[in-house]
There are 2 protein chains.
Amino acid sequence: MFIKNLPHKTVERLSQYRRSLLMILSKEKTHVFSHEIAQMLHITPVQVRRDLMLIGYSGNLRKGYDIKELIELIGKIIDSERGQRVAVIGLGNLGKAIISYFKGKRSKLAIIAAFDINPEKINRVYDGVACYHINQMAEIIKQNNISIGIIAAPAQQTAEIAEALVLAGIKGILNFTPKALNVPPFVYLEEYDMITSLEKVAFFAKKNDERFK
Amino acid sequence: MFIKNLPHKTVERLSQYRRSLLMILSKEKTHVFSHEIAQMLHITPVQVRRDLMLIGYSGNLRKGYDIKELIELIGKIIDSERGQRVAVIGLGNLGKAIISYFKGKRSKLAIIAAFDINPEKINRVYDGVACYHINQMAEIIKQNNISIGIIAAPAQQTAEIAEALVLAGIKGILNFTPKALNVPPFVYLEEYDMITSLEKVAFFAKKNDERFK
DNA sequence: TAATATTTGTTTAATTATTCACATTGCTAA
DNA sequence: TTAGCAATGTGAATAATTAAACAAATATTA
């Protein structure tokens with residue numbers, strides 16, 4: 001399914017729509033209105049309708065959108081037809097959290113390997129995911145056609161890990177360490193730092209508090 | 001320090017600037033140019049200069065910005081003078097990851113309590129943070145003047161937890177569960193879902209891959 | 001001392017993202 | 001049958017964000 005240049009924010013929201021739709025889908029509820037989706041995600045109904053317009057989906061004027069159909073369509077757009085395989089680098093608390101949290105959630109996107117340097121973790125299976133030593137990364141990644149890496153290791157090692165991932169042929173990286181990375185343009189990079197999120201909350205909480213006093 | 005209506009994105013970047021500056025600050029390196037900051041964070045130097053302009057900071061034309069001064073100024077703007085206290089709800093892998101990761105990182109923002117329902121965790125100290133039973137939340141939060149809550153619990157319980165947090169007088173919530181919350185307008189809410197991030201990476205990785213083929 | 005190079009600070013322009021406004025549709029019911 | 005209502009779909013307007021462009025400043029060097 002080709003839709004040219006979907007905006008970044010729309011892609012994010014499509015993922016959120018699907019997530020929400022999967023939660024409300026049931027025998028009784030087969031259709032949903034834009035304002036219902038909007039309410040679930042704290043956005044406006046227009047936003048929803050515009051996003052659906054961008055992916056060329058039309059709803060029913062009286063019943064709203066067919067939940068099942070919409071879930072499928074979003075899948076066709078944001079998932080890769082042949083599926084994508086994911087590796088987690090760093091099997092500490094964060095790595096484990098990611099694996100457990102993600103388990104069985106998406107059929108087209110599966111975490112199939114973890115890497116660490118701790119001998120106690122290597123060659124064991126955590127929550128269905130096998131853990132290997134970091135220096136087997138290139139090998140395992142190529143063997144299993146893994147195209148996405150999630151870095152959940154301590155910050156110091158981030159740069160070398162990223163370099164190794166790129167060399168191994170990875171196509172996208174999600175970096176949870178606070179160390180910003182440099183990757184070539186053909187690798188998509190997304191960085192998330194909890195501290196930034198928390199500081200943002202702290203800032204606006206403070207501000208809100210002053211305003212509502 | 002009052003600066004009227006700093007854009008959301010600027011607030012985020014200020015946090016990132018400080019993080020990066022803290023990493024490079026040393027005896028040898030006391031000043032930094034806008035393009036250096038920009039490079040560390042994959043943004044443009046103009047962006048950096050504009051943000052610094054918004055917070056009223058002036059650099060030295062030849063030496064760039066005084067790192068120490070800038071760190072301090074950012075602190076004055078985004079930190080609360082009297083500090084803010086944080087609680088983590090859910091002491092599973094994610095909760096633990098957050099606590100370890102955050103430990104000692106910021107003086108004005110401290111995680112001082114965790115809540116869970118697992119008896120094995122309650123009344124123990126994890127990484128310097130005491131864990132209490134969830135039904136003690138209101139009490140502990142008020143006692144310790146905790147103003148920010150991080151929800152890292154299983155998705156099902158998210159709504160009640162949030163409600164309890166709001167009732168206990170919390171001012172900001174960072175929600176890591178995939179369940180979107182509803183909170184009153186005087187509580188600042190930030191939601192982050194790993195799956196959305198991962199799916200975004202997957203989508204653009206796929207797209208990139210097609211483009212660079 | 002004058003020319004050059006480099007960097008900041010800021011105005012203006014461009015781009016991206018969101019919302020408004022409203023035509024259109026189709027069901028309901030008077 | 002027609003008026004009213006509640007949705008969708010979308011062009012146009014607005015808002016937010018980012019980038020371009022360039023004047024001003026100042027150290028360096030020819």
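Chain naming here is simple, since letters A, B, ... match the order of the sequence lines and numbering starts at 1 in each.
- In this structure, the CD atom of Glu36(A) is 14 Å from the P atom of dA6(D), given to the nearest Å.
- The shortest distance between the side-chain N/O atoms of Arg13(B) and the OP1/OP2 oxygens of dT17(D) is not below 4.0 Å.
- A straight line from NE2 of His35(A) to P of dT19(C) spans 17 Å, rounded to a whole angstrom.
- Set against dG9(C), dT18(C), dT17(D), the side chain of Pro7(B) has dT17(D) as its closest nucleotide.
- Going from atom CG of Leu61(A) over to atom P of dG26(C) covers 6 Å, rounded to whole Å.
- Electrostatic pairing of Asp79(A) and Arg18(A) counts as a salt bridge here, judged by a charged N lying under 4.0 Å from a carboxylate O.
- The phosphate of dG9(C) has neither OP1 nor OP2 within less than 4.0 Å of any side-chain N or O from Arg49(B).
- Considering only side-chain N and O atoms, Ser58(B) lies nowhere under 4.0 angstrom from the phosphate OP1 or OP2 of dT8(C).
- The side-chain contact (heavy atoms from CB on, under 4.5 Å) with Leu52(B) is formed by just one residue from the set Leu70(B), Thr10(B), Leu73(B); it is Leu70(B).
- Rounded to an integer number of Å, the gap from CG of Leu54(B) to P of dG9(C) is 12 Å.
- At the phosphate of dT18(D), neither OP1 nor OP2 sits under 4.0 Å from any side-chain N or O atom of Thr44(B).
- The CE atom of Met53(A) sits 15 Å away from the C1' atom of dT24(C) (whole-angstrom rounding).
- Taking the six-membered ring for Trp and the full ring otherwise, the centers of Tyr192(A) and Tyr192(B) sit less than 6.0 Å from each other.
- No hydrogens or angles were tested; on distance alone, nothing pairs the side chain of Arg62(A) with the base of dT25(C) as donor and acceptor under 3.5 Å.
- Set against dC20(C), dT18(C), dA19(D), the side chain of Val46(A) has dC20(C) as its closest nucleotide.
- To the nearest angstrom, P of dT15(C) lies 19 Å from NZ of Lys9(B).
- Not a single donor-acceptor pair under 3.5 Å links the side chain of Asn175(A) to the backbone N or O of Glu191(A).
- Rounded to whole Å, atom P of dA20(D) lies 14 Å from atom CD1 of Ile43(B).
- Thr10(B) comes within contact range of no nucleotide atom at all, as no heavy-atom separation falls under 4.0 Å.
- Distance, Tyr57(B) OH to dT10(C) P: 14 Å, rounded to whole Å.
- Within the 4.0 Å cut-off from OP1 or OP2 of dA19(D), at least one side-chain nitrogen or oxygen of Gln47(B) is found.
- Under 3.5 Å, the side chain of Arg50(A) and the base of dT19(C) form at least one donor-acceptor pair of N or O atoms.
- If you check every strand for non-hydrogen atoms under 4.0 Å, Pro45(B) touches nothing.
- Look at Lys108(B) and Glu199(A) and you find no salt bridge, because none of the NZ, NE, NH1 or NH2 atoms lies under 4.0 Å from a carboxylate O.
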